[in-house]
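Beneath this line is the structure, given in structure tokens, with notes to follow.
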2 protein chains.
Amino acid sequence: MVRKPTSKESARKPNMREAILAAAEELFATNGFNAVSVRDIAQAAGANPGSVTYHFKTKDGLLLEIYRRHCGPMNLRRSELLAAARRVRDLQDRLEAIVRAYVVPAFTSGSDLAGGGARFTRLRAVMSAEGNEVARKIIAQTFDDTSHAFIDAILESLPHIPRTDIVWRSHFLLGALYYSLVTPDRVSRLSRGAADGSDPANAIEQLVQATVASFQAPALDQPARRRPVISSKT
Amino acid sequence: MVRKPTSKESARKPNMREAILAAAEELFATNGFNAVSVRDIAQAAGANPGSVTYHFKTKDGLLLEIYRRHCGPMNLRRSELLAAARRVRDLQDRLEAIVRAYVVPAFTSGSDLAGGGARFTRLRAVMSAEGNEVARKIIAQTFDDTSHAFIDAILESLPHIPRTDIVWRSHFLLGALYYSLVTPDRVSRLSRGAADGSDPANAIEQLVQATVASFQAPALDQPARRRPVISSKT
DNA sequence: TGATCTTTTGTACGATAGTACAAATCACAT
DNA sequence: ATGTGATTTGTACTATCGTACAAAAGATCA
């Protein structure tokens, strides 16, 4: 049967299902899918291993549910921000607004489920690196539409850049975004403490400015222009 | 004892140790560390599971040896290319040469062990995403020096940009680089076949041009400037 | 050829994995 | 208070994991 929102919220612990989801999300995002056992998740959530099976049937099912939880809201928010960005008159400002519309939801919300979207984006980064099949399918069918919408919008504000270049550069954007969330400590380390890689506001500003500039780079005219600046071997 | 390069090369198969290393490299880079079992590796290499234990003692030891194999040569090549790049007179050209010196070895060699450096770089990307401890240690102590050298070189050719910004932007570069190697098919898909994400020459040119432009972006004056281009919520 | 060292094979052990399932427990409508 | 359905617990099964180790096989040199 379905959920009954009566007097009390039905479960002993204040919603074990959510606790399991949150614990799994954090553990998967930090250690990858295969390194985390169902027992690890259960323990972190203060639950029994059997409880995970009860709510999500399989480990894959648990991952699937995490994606279902976040994809919709995050895509919705991106669409809203993109629509607003497209209405910006000045082309330069519009480009920045578009990039921001892509980046901000990945860091800050994408559904305000406890902890924000940064955790989920980190999870996506890790799953993508691990070549997780479950994730790959959902991502392709959920985010490709959004990606195309962004690419089209960027293309409109940069009419002289070929579509191919835009695709590459937005691919780089996603890679940079993922990596910033996966190893923020590296930024702090390399800047000798001058920058805080874990500060989302910081990361967003840096990423947006760098990315806007990369989009505005001149087009690559030849399919693969050779520029032997340096001696080729040794 | 050490290796004896006498008449025949001693082993039944033409060097089983190398075959295991190559197989492990490919499998780890594709599926992550934890998803791949020692038995998987042995089978892919046409070896016996016990043979892996014999040559590398543990699974961690195998990963360690993979890193040992590649880090040195790759860093050396980068240093050479960087040294050459620093001698380029024109500041604009020099910046491009520096970025190229960073990117090229990651794609093409870094030791010419069968298959090139792209596989190893993909491996590094995956290990970094999985938060692998063995990899984290080696990477920090092996590549941080190189990273600093590149940051310093870039800083010299862009004197008006604060170091913090350079650190962020080179962090983005590495993220983009990693992601290009992890999911090259995504580029092909999003460009509807117009670009080949798996073509290293293509990826290198696109990455270099986009990155140079991002480095040349104006400095972020405020620590975290707010630019509310769009309505903040919903 | 036989002695010796290196490498490969085959097998086994304990630990842990994902999952299934029956029993216990709880929330709530009657 | 009690019955009923939803949830949690505890336990067990099978598969596979990393690793150890003895025996077999191959290579090398006297």
Side-chain angles (χ1 to χ4, degrees), chain A residues 1-25 27-28 30-66 127 130 132-135, chain B residues 1-25 27-28 30-66 127 130 132-135:
Chain A
M1 280 296 132
V2 211
R3 196 126 256 279
K4 295 176 204 162
T6 29
S7 52
K8 264 181 241 169
E9 245 295 292
S10 83
R12 247 132 305 156
K13 299 243 172 134
N15 220 350
M16 184 54 82
R17 195 185 136 94
E18 292 302 323
I20 292 170
L21 277 170
E25 214 176 292
L27 287 173
F28 286 156
T30 312
N31 308 102
F33 185 76
N34 295 287
V36 177
S37 72
V38 172
R39 285 167 177 84
D40 290 337
I41 297 165
Q43 187 167 34
N48 189 285
S51 205
V52 177
T53 310
Y54 171 72
H55 283 291
F56 307 101
K57 201 66 190 168
T58 68
K59 199 183 169 190
D60 275 353
L62 175 52
L63 183 63
L64 202 70
E65 183 56 27
I66 292 174
M127 294 303 117
E130 281 188 320
N132 185 289
E133 264 309 300
V134 177
Chain B
M1 281 295 132
V2 211
R3 197 125 254 278
K4 294 175 203 162
T6 28
S7 54
K8 263 181 242 168
E9 246 294 294
S10 81
R12 247 132 306 159
K13 299 244 172 132
N15 219 350
M16 185 55 84
R17 195 185 135 95
E18 293 302 323
I20 293 171
L21 277 170
E25 215 176 291
L27 287 172
F28 285 157
T30 311
N31 307 102
F33 184 76
N34 296 288
V36 177
S37 72
V38 172
R39 286 168 177 84
D40 291 336
I41 297 165
Q43 187 166 32
N48 189 285
S51 206
V52 177
T53 310
Y54 170 72
H55 283 291
F56 306 101
K57 201 64 190 170
T58 68
K59 199 183 168 189
D60 275 354
L62 175 52
L63 182 63
L64 202 71
E65 183 56 27
I66 292 174
M127 294 303 117
E130 281 189 319
N132 185 291
E133 265 308 301
V134 177

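First the proteins, then the strands, lettered A, B, ... as listed; each starts at 1.
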Using a 3.5 Å cut-off and no angle test, enumerate the donor-acceptor pairs between side-chain atoms of residues 56-64 of chain A and protein atoms at least two apart in sequence or in another chain.
residue: A:T58; atom: OG1; partner: A:D60; partner atom: N; Å: 3.4
residue: A:T58; atom: OG1; partner: A:G61; partner atom: N; Å: 2.9
residue: A:K59; atom: NZ; partner: A:F33; partner atom: O; Å: 3.0
residue: A:K59; atom: NZ; partner: A:V36; partner atom: O; Å: 2.8

Review point. The helix from C:dT1-D:dA30 to C:dT30-D:dA1: angle between its terminal axes, five pairs each, to 10°?
Key: 0°
Review point. Considering all heavy atoms of both residues, which atom of A:A19 and which atom of A:A45 are nearest to each other, and what is their separation?
Key: O-CB, 3.6 Å
**Study point:** Distance in angstrom units between A:N15 CG and C:dC26 P, rounded
**Key:** 18 Å
Practice item. Any chance you could measure A:M127, atom CE, to A:I66, atom CD1, to the nearest 0.5 Å? Key: 8.0 Å
Check your understanding: Could you give the distance from CD (A:E130) to OG1 (B:T30), rounded to the nearest 0.5 Å?
Key -> 12.5 Å
Practice item. Send over the distance from B:Q43 CD to C:dT9 C1', rounded to a whole Å. Key: 15 Å
Exercise for review: Let me have a per-nucleotide readout for nucleotides 17-22 of chain C, 5' to 3', with B, S or -, counting only protein heavy atoms under 4.0 Å.
Suggested key: BBBS--
**Study point:** Side-chain N,O (A:H55) to OP1/OP2 (D:dT8) below 4.0 Å
**Key:** yes
Check your understanding: From A:Q43 CD over to A:N48 CG, what is the distance, rounded to the nearest 0.5 angstrom?
Key -> 11.0 Å
Check your understanding: For B:S37, what residues pass the side chain to side chain donor-acceptor pair (under 3.5 Å) criterion, not counting sequence neighbours?
Key -> B:D40
Exercise for review: Using a cut-off of strictly less than 4.0 Å, decide whether A:Y54 has a side-chain nitrogen or oxygen near OP1 or OP2 of D:dT7.
Suggested key: yes
Check your understanding: What distance separates A:M16 CE from A:H55 NE2, expressed to the nearest 0.5 Å?
Key -> 7.5 Å
Review point. Do any side-chain nitrogens or oxygens of B:N48 fall under 4.0 Å of OP1 or OP2 in C:dT8?
Key: no
Point to revise | d(CE, A:M16; C1', D:dT7) in whole Å | key: 10 Å
**Study point:** Spacing of CD1 belonging to A:I20 relative to CD belonging to A:E18, to within rounding of 0.5 Å
**Key:** 10.0 Å
